[in-house]
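Single-structure report; data block below.
We use all heavy atoms of the structure for the numbers below, so side chains are in, but hydrogens, waters and symmetry mates are not.
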Amino acid sequence: MNETPDVEVIFEFNGTRNNPAYDGYRPAHLIVDDYLTTGIHHYYDVKSVPPNGIVKGTITFITPEAYPHCLWVGKKISIQEGARIVGHATITHVYNPILQL
């Protein structure tokens with residue numbers, strides 16, 4: 001797996017998690033309407049985010065080549081634990097050219 005971040009985002013958790021999300025958290029992300037993929041979160045300047053917190057950071061996806069050209073600045077993707085949506089990530093920068101729309 002690539003260790004370079006694919007996107008920079010603003011994470012917004014909606015309060016449905018029981019515990020904070022720690023740096024290195026690996027939830028699923030709904031990248032396109034029919035494709036969930038795992039991504040590793042890294043948060044800027046904090047080790048954890050409370051269940052209803054907002055923070056800026058990056059996501060490194062595990063298989064970006066499987067869903068090329070589907071992301072752009074301003075796109076909001078859901079952060080999920082199974083079927084439960086625990087927050088959203090709004091893209092502020094796309095680093096990986098494979099993903100850039």
Smallest heavy-atom separation, F11 atom then A89 atom, equals CD2-CB, 4.2 Å
Of all heavy-atom pairs linking V32 and C70, the shortest is CG1-CB, 3.6 Å
Output for pair (T16 OG1, R84 CZ), nearest 0.5 Å, gives 5.0 Å
Those residues at least two apart in sequence (or on a different chain) that pass side chain to side chain donor-acceptor pair (under 3.5 Å) with Y25 are R17, E81
Within the distance-only criterion (no hydrogens, no angle test), does the side chain of H42 pair as donor or acceptor with the backbone N or O of G57 below 3.5 angstrom? no
Q | Verdict with reasoning, T58 to Y43, per side-chain contact (heavy atoms from CB on, under 4.5 Å) | A | CA-CA 7 Å; T58 62; Y43 308 124; over 6 Å; no
Exercise: do Y44 and E8 side chains pair donor with acceptor under 3.5 Å:
yes
Between the CG atom in L99 and the CZ atom in F61, the distance rounded to the nearest 0.5 Å is 7.0 Å
- Side-chain donor or acceptor of D23 paired with backbone N/O of K47 under 3.5 Å: no
Rounded to the nearest 0.5 angstrom, the OG1-CD1 distance for T37 and I31 is 6.5 Å
Separation between NZ (K56) and CD (E12), nearest 0.5 Å, reads 12.5 Å
Tightest non-hydrogen contact, residues A66 and Y35, listed as CB-OH, 3.5 Å
Exercise for review: Please tell me if the side chains of D6 and T60 come closer than 4.5 Å, counting only heavy atoms from C-beta onward.
Suggested key: yes
What one should report as the nearest heavy-atom pair of L101 and H69 is CD1-O, 3.1 Å
Using a 3.5 Å distance criterion without hydrogens, assess whether the side chain of N14 forms a donor-acceptor pair with backbone atoms of I85.
yes
Is there a path from Y67 to I59 through hydrophobic residues (I, L, V, M, F, W, Y) whose side chains come within less than 4.5 Å of each other? yes
**Prompt:** Any link between V86 and V46 through a network of hydrophobic side chains (Ile, Leu, Val, Met, Phe, Trp, Tyr) touching at under 4.5 Å?
**Reply:** yes
Criterion side-chain contact (heavy atoms from CB on, under 4.5 Å) on Y95 and T4, from CA distance to verdict:
CA-CA 9 Å; Y95 296 112; T4 304; 5.6 Å; no
Minimal heavy-atom distance between P20 and S48, with the atoms involved, is CB-CB, 4.0 Å
Closest non-hydrogen atoms of E65 and P68, given as atom of the first, atom of the second and distance, are O-CD, 3.5 Å
Query raised in the report: Between H88 and I79, is a side-chain contact (heavy atoms from CB on, under 4.5 Å) present by the stated rule, with each step listed?
Result: CA-CA 5 Å; H88 292 90; I79 303 168; 5.6 Å; no
Exercise for the section: Determine whether the aromatic ring centres of H41 and H29 lie less than 6.0 Å apart. Expected result: yes
Next on the checklist: Working note: I54 + I10, criterion side-chain contact (heavy atoms from CB on, under 4.5 Å); need CA distance, chi angles, decisive distance, verdict.
Outcome noted: CA-CA 7 Å; I54 299 173; I10 298 171; 3.8 Å; yes
